[in-house]
Each structure stands twice: as C-alpha cells, then as structure tokens.
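Worksheet: one structure, shown below.
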Amino acid sequence: PALFGGAAVAAMASSAARRQRGQRSSKRSQGQPTVVACRAAAGAAPAGGYCEAAEKSVRRKTRTVNIGAVKVGSEHPIALQTMANTLTHEVDATVAQIKKCADMGIDIVRITVQGMREAKACEHIKRKLLEDGYTTPIVADIHFTPKVALVAADFCDKIRVNPGNFVDGRKSFNTIDKLTDEDIKDAQADIEREFAPLVLKLKEKGKALRIGVNHGSLAERILFQYGDSPEGMVASAMEFGEICRKYDYHNFVFSMKSSNPKVMVEAYRQLSREMYARGWDYPIHLGVTEAGGGADGRIKSGIGIGALLIDGIGDTIRVSLTEDPEFEAAPCRALRQVAEASIGKGVAPFDEPNGRRNGPVARRECSFPLDVPLNSDGSVFATISAKELASLDIAALCQRLSLRLRKDGDVQKDWKSVDVVVVDGPISAKAVEHVKTLLQVPLGVLCSAGDNVPDGCTILHESSAVTSPLPERVGGYAVVFSGEESAERVQEVVKAAKPRLVLLKPKSQDGVTFIGRRFFASLTSFPEGKATPLMLWFRYPKWEGMVEDDVVIKASADFGSLFIDSIGDGILWESELMSPEELREASFNLLQASRMRISKTEFISCPSCGRTLFNLQDTTARIQAKTGHLPGVRIAVMGCIVNGPGEMADADFGYVGSGVGKVDLYVKYDCVKRAVPTEEAVDALVELIKEHGRWTDPADADEVDSEVGAVAVM
C-alpha cells in the first residue's frame, strides 16, 4: 500500500485548492534499518462523524503516550502544558521558570531549542530540575534543524517537530509552479531521510514526539497541493505519522494549530476523521496559536480548545497568552474543568441534517426584521432591570449600553454599542422616556407586556405561554425556549407567534452545546423557523471559589462551540461575576473570535520565546496604541521568522523580527520592506497601512472613546 495513503486524506485532497493528483508512495532507501509493514486497519466512522457521539460528550479513545513521568491519553487526566520564554542557554533562569510553572499546576513545559548551544543546555536544565525534585517533563521545540533534534533527544523527554519546516527550511511561497507525482515522491523521500534517524533514536530511548503542524508554517509543496487549508495541515501530519509507524514507533501525539479558531477546530476535526478512517488512536494536543492577552486570549482559546474538548477530543492542552507562562495555568485548569464536567452530558439522540458532522457549513440566510435592529454578523444583547432603567439619567444610560451622547444631547449608536436590551420586570411610567429614546437610536427593546410599554418594543414570551396565534403589532414578539421542547412544539410556537427572533435560554449550562445543536435542528426543520434569527442566552451563576478565568473560559466554550458551526446569530451573556461593561466587551470579543462580527483591530502576535528578536509585549503595545482604532484590520506581530511569514495568511499586515534590531514588514504573504530599524518600524507600519487605503484617523476623543484591539498570541 502507499506509505502516505488514507481514504479520508484522499477525499480531502480532491477538493483542496490547487492539488496535483498522483500516486503517493515512498521508496525505501538502501541501508535503512529494517522497517515494519504497518498497514492501518480501516475504521468505521463513529456516530459523531469526527467524535464518538453526536448527542453527548464522550471522550475519544486514545492510546497512552509516555512523556517522561506524565502519561497522556484517554485513560488519564488532560495534561496541561506551557512554554518557557527565557533564553534556553540561560540555564538557571529557565530552570526557575519551569519550576514556577510546575508549582502553578503545569504538567509539561516546552523550551526553545534553536541550536546546538540550546540543545546542550537541555542536559543541565534536566539535571538541575531532578536535583531540585522536579520531574516535570521538558519538550524541545525544533524548527529547521534535524541535527539539533538528535542532540536534544538525549536530554529532553519529548521532541516537538514542525512538519512545515523540519526538512523544507525557511519559508518561501512562490517558487513552485508545477508539481508532478515524481516530485511529490521525492519530497516524501527527503522527509523520511531526515526524519527517520530522529524516530529511531526516540524509539531507542523511550522518548516521546509531537508532530506539531501550524497553519502558518505549512511547507510550500503542501500549500501548492492543498492550498492554505485544514486539508493540507492533516496531509502534512499524516506524512510524518506514517514514517513513525513504518519504523514501529508509536509514542507520539499530533497537533493542528492555527490563529483562526474556525480553521483550528476544522483541522482537528479533519485529523480526527482521518485517524478514525485509518484505525489510529494517537493522542491529540490542543492549542490556538495566537490567542491573545487578557480576556481576549482566554476567549479565543476557550472557543477553539473548548469546542473540541466538549466533543471529547483532546488529551493535552496549552493556552498561549502574552503573559508569563505560569499564568497560562489557570485558564488551562478551567478548560480541563470544562472537559471533565462535560463528559456524559447531552441530550437524547437526534437527527442533525445540516451536514455539520461532515465538514464546515456556511451560515444560513436569516430574515432579519425591519423593526428590531439586529446585526446580521452577530448581535450583542444586554439585560437591565426595570428598576435600574428607571433610576439612570441619560448619561448613565448611555454609558451602561455604550451609546454615544453627543454634545447637542442626541443619542447615537457607536461601533461597540449594545444592539438590543432585554428589560427584566415591568416597565414603569418613569422609565418610558428612556425606552422611547432607545427605540429612536435605534436599539431593540425586549420586555414583557404591560400598560407602559411604548409602541415599537418587542414583547417577550416564554414558549410555554404561547398557546394560540398572537396579533400583529409593531415590534412584534420574541420567544424564549429552554431547548427541552420537542421539535413539534417548537414548530407550533413559531407558527403561532411569528417571532422576530427566538432566544435559546437553557435551564442550566450542562450540555448546552448539544441542547443548542438539537434546538437548531428543530428550528430549521420547517419553513417558518428556517430563517428566524436565533440568539443564545446563557447564564453563569457564581459558585464558591469561582474566578473570572472560570466564567470566561466556560462561556467561550459554550457559545463558541455553537458559533463555530454557524449556530446562533447573537449573544446574551449573563454572569454574576462580571460587570455589564465587562460582559459587553467580552461579547463583542467572542463574536470576533468566532469570525462573525469584526468590531476592532485584531493583533496576531506570538507570546515570545527564546527566539524572539525584540521585546514583543512592549512592541505590540506600541503598535496597538497607534493602530487599535481600525476595525476589520488584522496585524501580525511576530518575534521571529519561524511562523512569521506564514501567519501573514490570516493577517492584512505583518511586523516580523528578521534580525537583531531589524524588522521586515509584510502585506499578506509578501515582504514589502526589509531590515527596517526597530526604532522606525512602527511608524513605517502605519505608513504601509495608509498606502494600502486601510487607515482612518482616530475619532475625536470628545465624541467617542478610542478602543484598543485584541491581541492574539501564538
């Protein structure tokens, strides 16, 4: 059989961009050690398509991989990882940071190993850790240098290789204009020639390996065959996995990282499908390569990692933040808690005809009402009590909902204003003028029926209260469903109320991903519901010991696991632990991270490691300060060239360290300015943005507060 075969990969390749068809095989080189004919047993796809079950959370069965003293696989707790950002050759500093991470609950720590000096330092790092009583496994992060990997394997517990540059070296994108079957076989033979010695050494020493694919650093040949796609990521991983199996080496894991959570989730799902098809059971390491700092970073990781964990996929995780690595422990723990709490939760089996289980699906077309101002890219809702609404003056009301109060007294929406407010309780006579002001902005106002409700408000009904057809009115109706209703009851209510929108508000947060999927299937199964906007209304009560990381991660996983599959057209996020301002900001960030509504500049920047060529956090802050007012613009800030040029695929402009004190500037993949002195580079980036027509001057501070965008971190 072909060495790099696999029915699922073949199917993916048929639809991938620019693929050149051909037989995939590899000739055994003379003089190589005896190899094992390792034919994968074909496996049947599970009910979930890419996961064990479609209706509940069941952990995917994986073999145990030994990483030093830590065991990884489905029979063990999810392992937490981080990456040191010290200079690896500074042994004492690196040891101190690894110990600090271990003390915070991290199980495995990766370190940068870019050359022989760093590889040899690993011996002393490991020795000192053991002398101090720390058995924390260390992982050598390898790019470009197979010979360095062989040395590091003597001292580290695991080697991480990047298939995109382990053999192919530094990035280029425009040198291939034709690719024959023979070219592909030659390239695969080159991979085996360089990679097999490492595989054999790891096998001999009982060490582990991660085949770590990055969306931003795919090899040029893979890009030519498959395009910049999840299919290419999986094909790249399979080439390396097949070599491991050829030499009867199985102590390895896979990862499929991307800065885009939708791409990341789809890549891992494709990987899982392919392993089911081949009968493979290797563990999976999860991560979003550019998550971000603060709440932004936690939200992006919560969406990508959380969505997969809820489906039972993932055996180790890392949350990459622009913070010191020990601070990644808390969000990692929160994600592990999401995974553990999800197991077994769900609903009764149901039909899901939208094709989600077989691949990405496009957003459906909704009929957005003319008299409720929803945003077609995703609406942000907020709740306010009727008592609070009556107590606020106009300035406080504008601040509460992020509206713009002009000097002339006019109230207007801003680009971060709430779209719809849900009033809890009967509207009093004192609050009527405020409600009329909101309707004139316009904002949507959802409330219960009452004597003081102005025309134009949308009357909110529980699904159980709709028992007969409702009369037509300006503003119409909205209906709240719990998700426990039968498909027949959903259809009956929607036909009777003809709602402008529906809201899914589960009674608890247990199994909400599966509740949401089932409700969406019911809603879209009949003509009247197929185009009705659906808002997700999730509540997070405070529990003892709860911290903000817990609620941000949990909510991001819940909302994100649905948004990532184009389920849901808006967000109503309630939490006792977060202020209204924090909830509003987090809601916009969650929609943006789900690739729905873009409301601010997005920064894709690595969190720094031993390869970083400038102070990443300070530089990113300076770039944010100058460009953070450009909604829809994506700027990549990369400390070195490992992933830098490749990550330009998901950014409009790039700022990449190319040498000490030097920066290269990119527009998409293209490097347009080289070796710009760092002291001039930020201003040069601004000029580049202006040259390409993406610049707008910041708004007048008296009229509108400036916003600073999300930092996404690799």
Side-chain angles (χ1 to χ4, degrees), residues 47-51 53-58 261-262 265 269 299 302-304 306-313 338-339 341-357 360-364 366 378-381 463 478-487 489-491 493-494 499 501-526 529-540 553-574 587 590-591 593-596:
Y50 59 84
C51 59
E55 75 282 357
K56 63 182 178 180
S57 181
V58 179
K262 285 182 75 74
V265 168
R269 288 176 176 177
I299 287 170
I303 292 169
L308 292 159
L309 290 175
I310 288 170
D311 274 328
I313 296 172
V338 166
S342 296
I343 296 299
K345 304 288 176 56
V347 296
F350 65 99
D351 291 329
E352 197 172 13
N354 67 344
R356 183 196 64 80
R357 299 174 193 174
V361 294
R363 292 187 64 79
R364 66 187 173 129
C366 284
S379 299
V380 173
F381 283 51
S463 64
V479 180
V480 179
F481 291 89
S482 69
E484 296 179 0
E485 298 85 355
S486 67
R489 177 59 180 158
V490 172
Q491 183 171 344
V493 170
V494 170
L501 60 125
V502 298
L503 300 100
L504 176 63
K505 184 183 179 184
K507 293 179 179 178
S508 81
Q509 289 309 115
D510 289 341
V512 294
T513 299
F514 304 98
I515 293 172
R517 290 171 180 169
R518 182 179 65 178
F519 179 78
F520 185 73
S522 297
L523 180 67
T524 56
S525 66
F526 57 97
K530 196 177 290 289
T532 301
L534 166 62
M535 309 298 150
L536 305 180
W537 185 351
F538 296 164
R539 306 183 69 186
Y540 298 89
I553 290 292
K554 170 64 173 163
S556 299
D558 289 343
F559 285 110
S561 63
L562 294 167
F563 287 151
I564 214 83
D565 284 324
S566 302
I567 297 174
D569 305 291
I571 178 172
L572 177 46
W573 177 352
E574 288 191 282
S587 296
L590 204 154
L591 289 175
S594 300
R595 290 305 194 262
M596 292 172 64

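With respect to D558, the side-chain contact (heavy atoms from CB on, under 4.5 Å) criterion is satisfied by exactly one of I515, I310, V338, L536: I310.
In this structure a side-chain-to-backbone donor-acceptor pair under 3.5 Å is missing from Q491 to R489. Not a single donor-acceptor pair under 3.5 Å links the side chain of R517 to the backbone N or O of E55. In terms of modelled atom types and a separation under 3.5 Å, the side chain of R364 and the main chain of T532 share a donor-acceptor contact.
Counting non-hydrogen atoms of neighbouring residues, nucleotides and ligands closer than 6.0 angstrom, the CG atom of D351 reaches no more than 12 such neighbours.
The aromatic rings of F481 and F519 sit tilted, their planes meeting at an angle between 30° and 60°. Ring planes of F563 and F559: parallel class, angle under 30° (limits at 30 and 60°).
By the 4.5 Å heavy-atom criterion applied to side chains, M535 and D569 are counted as neighbours.
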S556 vs L590, test: side-chain contact (heavy atoms from CB on, under 4.5 Å). Steps then yes/no.
CA-CA 7 Å; S556 299; L590 204 154; 4.0 Å; yes

Which is it for V380 and L591 under the side-chain contact (heavy atoms from CB on, under 4.5 Å) test, yes or no, and what are the steps along the way?
CA-CA 9 Å; V380 173; L591 289 175; 3.6 Å; yes

Decide side-chain contact (heavy atoms from CB on, under 4.5 Å) for K505 and R539; before the verdict, give the C-alpha distance in whole Å, the side-chain angles of both, and the deciding distance to 0.1 Å.
CA-CA 8 Å; K505 184 183 179 184; R539 306 183 69 186; 3.6 Å; yes

Please lay out, stage by stage, how K345 and F514 fare under the test side-chain contact (heavy atoms from CB on, under 4.5 Å).
CA-CA 8 Å; K345 304 288 176 56; F514 304 98; 5.8 Å; no

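Interatomic distance, CG of L523 versus CG of L504, reported as 9.5 Å (0.5 Å rounding). Note: S57 OG to D311 CG = 7.0 Å, rounded to the nearest 0.5 Å. Once rounded to the nearest 0.5 Å, the distance linking CD of E574 with CZ of F381 reads 12.5 Å. Here the CD1 atom belonging to I564 is positioned 11.5 Å from the CZ atom belonging to R356, to the nearest 0.5 angstrom.
Listed by chain and number, the residues in a side-chain hydrogen bond (donor to acceptor under 3.5 Å, both in side chains) with E484 are K507 (sequence neighbours excluded). Applying the side-chain hydrogen bond (donor to acceptor under 3.5 Å, both in side chains) rule to S525 yields no partners; only residues at least two apart in sequence or on another chain are considered. When the side-chain hydrogen bond (donor to acceptor under 3.5 Å, both in side chains) test is applied to T513, the partners found at least two apart in sequence or on another chain are S561.
For the pair R363 and F520, the cation-pi test (distance below 6.0 Å, angle within 45°) is failed.
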